[in-house]
Number of protein chains: 4
Amino acid sequence: MKLAVSCQLTYETTQNTPLVLMLRPRSGAGQWVTKEEYLLDPNIPVVEYTDLYGNLCQRLLTPEGNFTVKTSAIVEAPDTIDVDFNANFVPVQELPDDSLIYLLPSRYCESDKLGNMASTIVQEATTGYEQVEAIRKWINENIDYQYGHSNASTSAQDTAQSQVGVCRDFSHLAVALCRSLNIPARFVVGYLYELKPMDLHAWFEAYLGGRWYTFDATQTQPRGNRVVLAYGRDAADVALATQFGEMELTSMFVSVEPVQENETL
Amino acid sequence: MKLAVSCQLTYETTQNTPLVLMLRPRSGAGQWVTKEEYLLDPNIPVVEYTDLYGNLCQRLLTPEGNFTVKTSAIVEAPDTIDVDFNANFVPVQELPDDSLIYLLPSRYCESDKLGNMASTIVQEATTGYEQVEAIRKWINENIDYQYGHSNASTSAQDTAQSQVGVCRDFSHLAVALCRSLNIPARFVVGYLYELKPMDLHAWFEAYLGGRWYTFDATQTQPRGNRVVLAYGRDAADVALATQFGEMELTSMFVSVEPVQENETL
Amino acid sequence: MKLAVSCQLTYETTQNTPLVLMLRPRSGAGQWVTKEEYLLDPNIPVVEYTDLYGNLCQRLLTPEGNFTVKTSAIVEAPDTIDVDFNANFVPVQELPDDSLIYLLPSRYCESDKLGNMASTIVQEATTGYEQVEAIRKWINENIDYQYGHSNASTSAQDTAQSQVGVCRDFSHLAVALCRSLNIPARFVVGYLYELKPMDLHAWFEAYLGGRWYTFDATQTQPRGNRVVLAYGRDAADVALATQFGEMELTSMFVSVEPVQENETL
Amino acid sequence: MKLAVSCQLTYETTQNTPLVLMLRPRSGAGQWVTKEEYLLDPNIPVVEYTDLYGNLCQRLLTPEGNFTVKTSAIVEAPDTIDVDFNANFVPVQELPDDSLIYLLPSRYCESDKLGNMASTIVQEATTGYEQVEAIRKWINENIDYQYGHSNASTSAQDTAQSQVGVCRDFSHLAVALCRSLNIPARFVVGYLYELKPMDLHAWFEAYLGGRWYTFDATQTQPRGNRVVLAYGRDAADVALATQFGEMELTSMFVSVEPVQENETL
């Protein structure tokens, strides 16, 4: 489906504050950006660079007072995600070099502490895709989706204990559990069509059978129509906005709408 | 100045032909892409990747028949280019690692063969910026700007002999001459406001005094309002369209227009 | 000083276990590897790759039974580390792109939780080098260096609470505290001459005044004669040996000795 | 076979001259460096970095007078090279992103000018491995291997005309011909056991059937026991020694010897 995605953030601050944003989707193997807009008000200088994971990052120094970022894009994204229960576990020694970093524990995914929990959850699953699906399903069924119980410091282990959280927490827990089974897993942020309530979203991918598969522990069924903004080890790597100082996010607006296909040159 | 740039290419082919394009400008230290559009007709699948030089490249397989690519962007670009006759020559041992590749000869810049020519041109110049400016000026004054005398295989050495060419040839010769003096030089392609006749353009950059400076041997005066599409060693690296098979470019349209500043969120 | 460094690890396992090692020092701006040896017994296949941080990593699948890795190198390393109390704090907006990742929290460095602690420690220090030195000194004076109180899961926050740990814990805490003040800090592993008892060692670097400075919270005085094996965000990134399965390290031997300078061709 | 390789270069110069060397082999998928030594006389500072192709490069400023570099290594390398006449041509649209640069023309490989020559040579070959082998064999049989007829500026086109050259020229011609058929090809430098007369050597690799295959147009039969020092587009990228100024190479000594396998820890 062709999707029109948009995100508008407004900040208020009493001092210049360095800010790093990851709000520009990249075209890649899985999605194609047809049109894109990135506006700042006031219109201050920005510098863009590519981080270690290949994400486009925008650096700027916010002005005092109010500051608004508005990004929008039209992106072609697959209607469905691939599901393959036969996708096998890839032994560590056969993994590609660049997937190995996704086996390591990270700030919000303490995979080194969650091995027992993972083993219990996947005990009846065949190794590979079934294990990841077992983890995803367990989280979907056992963790309460509720706002206000977690914050920017909440980690997978915290969520395993509290059994409550939001999409970010669900994904961190899933990633940590996969890694503890030696399955590379990465954290993804972006847009999901028909997410309710509409917001920026987080999900995860696992490396199985020689490629990355998309999973979403917040959903009961596989759903496509996703636009990826950034990939990383966890939310520390792919915070959509990292601010280095005090600054209040006074409003945030996200939308994802289908686009008519009959657009022409 | 805020510029609206646009490029439309139409191809005709009797077979599927692999094509690599470099038509998406990147935001970076020197320019900021506010808005961008990338349309294909028919709307076939594309995959984007980043090459070794950091350029965004679009890969696709053209359909049989007619095929059109239309890209456009609104980009903030500096009105002027920096000119600094005091920017000094950086000794090779003090150059940053990633500039060293721009000292080596390349397909269209046989710097290994043009040392004597360079020495003659710069003999009265102080080392550094003055040398590059002497090269730029010499080419501007001594090479005839004419279409139809060079082609995709024409190199700097060819141009040194024929003394005729277009922007691509001027830039290749300048790059080769700079490198023969151990000054890192790279080839740039993009848009230039008020270029006559309007077309995609090529110019060059030289590394002096710790940074890259913009030069353009086709112009008599320094001019800003440039939008960079890609950097590389020469036109082999940064061909805006590299086709792997027979295919005819049946039409090409380029425009660069100023944008009113009062655009709002 | 020219140093002969050596590390020998012996493992015992009942099954083939994937292992990633980071035991080959790289030549770089700060050290020069003159001679190097990397032996495996039994002599099984190894593949080497470079990780995201530029470290050389060796991948292998250990055989059943006993397995020994012995690496040794002769490395020229500076006798002293640079100390500069005038090295200033670099505002985030002026940091180089590739240092930004070292501002983010990571598995063992929960900088997002340690801001208050850092502020208290550095309250009398001028911003910049003095702050990092205040952190380093505080840890040296307030954390007990003792074996057996921390393990592979111990993080900076754990150490801040327990006030006991080893070189790895000291460094994690220092890194986390620096990052909470928006000073990029990275974790370093390697060899230190005359370390007592001799072992592989961990210390940290902070980015100040436009470059990285070496600090070591386990020492009372600045000491040079260090050989770096790997850099990273924390010990998750630069574990010298990451094993993916059960395997016992049955012995480990490390040595660092001075080499006579009169070696000749 | 385990090989002891060694290269000693002596220079004489009347002024400090910047020099970039590529004389340190890397461990990788195809070879494993067990032991290595890198000595300079006099013992001046060196800095090592990794170039765009992943090669380790050593930068230094030679002293006035005599200067000697001696590198040696013990490397495990396969006894044979893989030969597979069924390895198929990979259509450009299916090539991995990072192989695409090896389709482009480069300084010494004017593939844009050698398409007709390539078509003639491979006219009876099946597309894929057979084409590359036809090119390799044609060069082996039709180009005279002679010293003194080519130099550092000789390109593939020059060699196609003169029909005489050395290993470097043979490889440039082969690479250019492969690329003109849309087969990615890269230039390799290193050591070859039992090369006569012993010297540093150049050969090439072509991307077929999903991987790189080794070819050597100077040999009548496939031969293994090769140690790779560097990969690149051509000799401009992977000159083992690139000097930026006047300096005479007064002697050069290369050796490749088998090592007894019973070496122990």
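Here is the naming used below: chain letters follow the sequence lines, and residue numbers restart at 1 for every chain.
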**Student:** Between B:Tyr38 and A:Glu36, is a side chain to side chain contact (heavy atoms under 4.5 Å, CB included) present by the stated rule, with each step listed?
**Tutor:** CA-CA 9 Å; B:Tyr38 206 116; A:Glu36 192 205 303; over 6 Å; no
**Student:** From A:Leu40 CG over to B:Glu76 CD, what is the distance, rounded to the nearest 0.5 angstrom?
**Tutor:**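 Output value for this atom pair is 8.0 Å.
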**Student:** Counting heavy-atom pairs closer than 4.5 Å to chain B, which one of A:Pro45, A:Ser72, A:Ser27, A:Ala73 comes out on top?
**Tutor:**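 Of the candidates given, the most pairs with chain B belong to A:Ser27.
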**Student:** Could you tell me whether B:Glu246 atom CD has more than 12 heavy atoms of other residues or ligands within 6.0 Å of it?
**Tutor:**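 At most 12 heavy atoms, drawn from other residues, nucleotides or ligands, come within 6.0 Å of this atom.
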**Student:** B:Val33 versus A:Arg24: any side-chain heavy-atom pair under 4.5 Å?
**Tutor:**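 Yes, their side chains come closer than 4.5 Å.
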**Student:** Give, for atom CG of B:Leu39 and atom CD1 of A:Ile74, the distance between the pair rounded to the nearest 0.5 Å.
**Tutor:**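 Reported to 0.5 Å precision, the distance equals 8.5 Å.
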**Student:** Nearest 0.5 Å, what's the CH2-CG distance between A:Trp32 and B:Leu60?
**Tutor:**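 That separation rounds to 7.5 Å.
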